[in-house]
Amino acid sequence: MTTLQTQIPDQLLQQAQYLVQQGWVANIDELIAESMRRYLESHREAMTEQFIREDVEWGLHGQD
Amino acid sequence: MGKTEPVVIADAGPVIHLDELGCIELLADFGTVIIPETVWQEVERHRPMALKSANDWLVRQSPKQHSVVVSALTPLYSLHAGEQEALHLCSEFGNCLLLTDDTAARLAAKSLGIAAHGTLGLLIRAIRRQCLSKAEVLALLHAIPNQTTLHVRPTLLREVILEVEKHAE
């Protein structure tokens, strides 16, 4: 596993802690990993398109 | 035609899609392209002839060691075995260019600071590298929906084609 150091708003952390206390997730680490997983899933199409645009830029103007 | 420098490692997507378009030789412009063992097997299953036509410039290789960071990212991005091997090899070599059409693999590569590009980039690069003419590349871009298993939203593909059309050769 990798350790991440990040800053999040206090209110967001409180909400996350509440979810942990209520037993929705085992701990904050799990909640953050699950949040990232869901974010990546929901934004995958947009990211795919962004990568294609980056490909066009690289293809036309890249150095390698 | 000059050769470029970074170690180039390919996932299955670009190898399969370039072969579907009949232009896998574009990869030879990199000098050598490393294909992770698992990816090699995947390509052999889907496009058995793809790797037979390419001889000395495709190198079949397994990572010597596994990167802890890649292993940590694997469940987060749901990386498949071939993508994992490709990223392990990238970590092993350092200055790498990863060729992949997989969004998860590209996201993982980005978080590891590894440059990554896909089939469309390779096709368009062929104009810049003077491997193919603009007209030839445009014909290949138009052929993508019917001739390949690469899925690109039609309106986005049209945008890409327009961008290439307006670019001076």
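The structure displayed is predicted, hence computed values, not measured ones. Naming: A, B, ... by sequence-line order, numbering from 1 per chain.
- Annotation for B:Glu165: atom CD counts as buried by contact number, over 12 foreign heavy atoms lying within 6.0 Å.
- With a threshold of 4.5 angstrom between heavy atoms, B:His167 approaches chain A through side-chain atoms but not through N, CA, C or O.
- A distance of 8.0 Å separates CD1 of A:Ile52 from CG of B:Asp101, quoted to the nearest 0.5 Å.
- No chain of hydrophobic side-chain contacts below 4.5 Å, direct or via other Ile, Leu, Val, Met, Phe, Trp or Tyr residues, connects A:Leu12 to A:Tyr18.
- Residues A:Ile8 and A:Ile32 are members of one and the same hydrophobic cluster, defined by side-chain heavy-atom contacts under 4.5 angstrom among Ile, Leu, Val, Met, Phe, Trp and Tyr.
- In the displayed structure, A:Gln11 atom CD is contacted under 6.0 Å by at most 12 heavy atoms of other residues, nucleotides or ligands.
- With a 4.5 Å cut-off on side-chain heavy atoms, A:Glu54 and B:Lys110 count as touching.
- Along residues 134-157 of chain B, the residues that come nearer than 4.5 angstrom to chain A, judged on non-hydrogen atoms, are B:Val152, B:Arg153, B:Leu156 in order of number.
- When hydrophobic clusters are built by joining Ile, Leu, Val, Met, Phe, Trp and Tyr residues whose side-chain heavy atoms come closer than 4.5 Å, directly or via intermediates, B:Trp57 is grouped together with B:Leu21.
- In terms of the side-chain hydrogen bond (donor to acceptor under 3.5 Å, both in side chains) criterion, B:Asp102 has no residue partners (sequence neighbours excluded).
- Using a 4.5 Å heavy-atom cutoff, the side chains of A:Asp55 and B:Arg106 are in contact.
- When each of A:Arg44, A:Glu34, A:Met36 is scored by its heavy-atom pairs under 4.5 Å with chain B, the top score falls to A:Arg44.
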message: salt bridge (charged side-chain N to carboxylate O under 4.0 Å, His left out), that's the test. Do B:Glu159 and A:Arg53 meet it? Break it down for me.
response: CA-CA 9 Å; B:Glu159 270 181 52; A:Arg53 291 192 166 89; 2.9 Å; yes
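- Side-chain N or O atoms of B:Arg128 include one that pairs as donor or acceptor with a backbone N or O of A:Gly59 at under 3.5 Å.
- Contact annotation for B:Leu97: only side-chain heavy atoms (C-beta onward) come within less than 4.5 Å of a heavy atom of chain A.
- Contact check for A:Phe51 versus B:Leu107: side-chain heavy atoms found under the 4.5 Å cut-off.
- Side-chain heavy atoms closer than 4.5 Å link hydrophobic residues (I, L, V, M, F, W, Y) into clusters, and following such links, even through other members, never connects B:Leu87 to B:Val68.
- Here the side chains of B:Leu122 and A:Trp58 are in contact, with some heavy-atom distance below 4.5 Å.
- By the 4.5 Å heavy-atom criterion applied to side chains, B:Glu5 and A:Asp64 are not counted as neighbours.
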